[in-house]
Amino acid sequence: MTDHMIDSTLSELERYYDTVPRVGGARAEDFGPLTLFVQEGPGWAYYARPALGGSGEATAEDVRRVLSRQRELGVPEAFEWVAETSPSLRAAVEAAGLYVHAHPLMVLEDAEEPSPHPEVRLLGADDPLLSAALAVPALAFADPGTAVGEAGPAELAAALADPSAETRRASVSAKLAAGTSGMAAAVRDGVVLCSGMFNPVGDVAEVVGVGTLPSARRQGLALGVTAALVVDARARGARTVFLSAGDEDVARIYGRIGFRRVATALIAEPPADAA
């Protein structure tokens, strides 16, 4: 991918990042060089990010104003942006006391359609395994990395007993029914071992939340789920498919099916030891 193509793609992704919360039911609050997206009703909790097409650089004081508003609303104190597009924002959020995580931002290059995995299938709005498919990534992200972990079917069953599981299921079911999200899962003997989603806006789609039950790692399931999401997104008209990898090891895995790093996605939040 040439430098010109990367610049064009990053501009396209900026428009996507600004649009997806709006179509997902969030309102936008203007903070000058920053925009705070606030979910209205059930659904994803969104973030603050650089204002699309905004002029001027955000300062630490701008970040503090947004943080104060997030605390007032009781929503996550989170900022998301692309390092190469808004290079000065990192210093501002760090000066405001936030911790920044960096993730490889990857775009699917033209490649042959990935081979289907025999245990992976798409999930619809009424799929009986939908709740389990939503619970698996949470267990995966609680034990990050690619090494085999301990959490397995028993922990999944416990997660499904949480009353909040039904609220999450209803919210995502509505998105699947409306076609504003797509979902795939790896299922073995009736147990969801890996799952993920994509969110399309126009001809751009982001693959999100791909996670494998820790005890089922190192079996190629995440790659199979991602491949299924890519095929479905393309079938629905997506021309650009992208994702943010958890780390460099995960990025290398996605590279096997044609994803290439174009930039760095940054996420800022309060440090883990914050009061």
Is it the case that T146 and D249 place a side-chain donor and acceptor less than 3.5 Å from each other?
-> no
Are any side-chain N or O atoms of E206 and backbone N or O atoms of P200, one a donor and one an acceptor, separated by less than 3.5 Å?
-> no
Do any side-chain atoms of residues 182-192 form donor-acceptor pairs under 3.5 angstrom with protein atoms, and if so which ones, sequence neighbours left out?
residue, atom, partner, partner atom, Å
R188, NE, E119, OE2, 2.7
R188, NH1, Q219, OE1, 3.0
R188, NH2, E119, OE1, 3.0
R188, NH2, Q219, OE1, 2.8

Counting N and O atoms only, with roles assigned by atom type, does the side chain of R65 sit under 3.5 Å from a partner on the main chain of E61, one being a donor and the other an acceptor?
-> no
Would you say the ring centroid of Y17 lies under 6.0 angstrom from that of F242?
-> yes
Is there a chain of hydrophobic side chains (I, L, V, M, F, W, Y, each step under 4.5 Å between heavy atoms) that links V75 to Y47?
-> no
Would you mind listing every salt bridge (charged side-chain N to carboxylate O under 4.0 Å, His left out) that reaches into residues 137-160, with sequence neighbours excluded?
-> D143-R217
Which class fits the ring pair H101 and H103: parallel under 30°, tilted 30 to 60°, perpendicular over 60°?
-> parallel
Whether over 12 other heavy atoms sit under 6.0 Å from E248 CD | yes
Side-chain heavy atoms of V107 within contact of F259, under 4.5 Å | no
Do the charged groups of R260 and E109 touch, with an N to O distance under 4.0 Å?
-> yes
Short N-O contact, R90 and E94, less than 4.0 angstrom = yes
Going hydrophobic residue to hydrophobic residue with side-chain gaps under 4.5 angstrom, can you get from Y46 over to I267?
-> no
NZ/NE/NH1/NH2 to OD/OE distance under 4.0 Å, D127 and R121 | yes
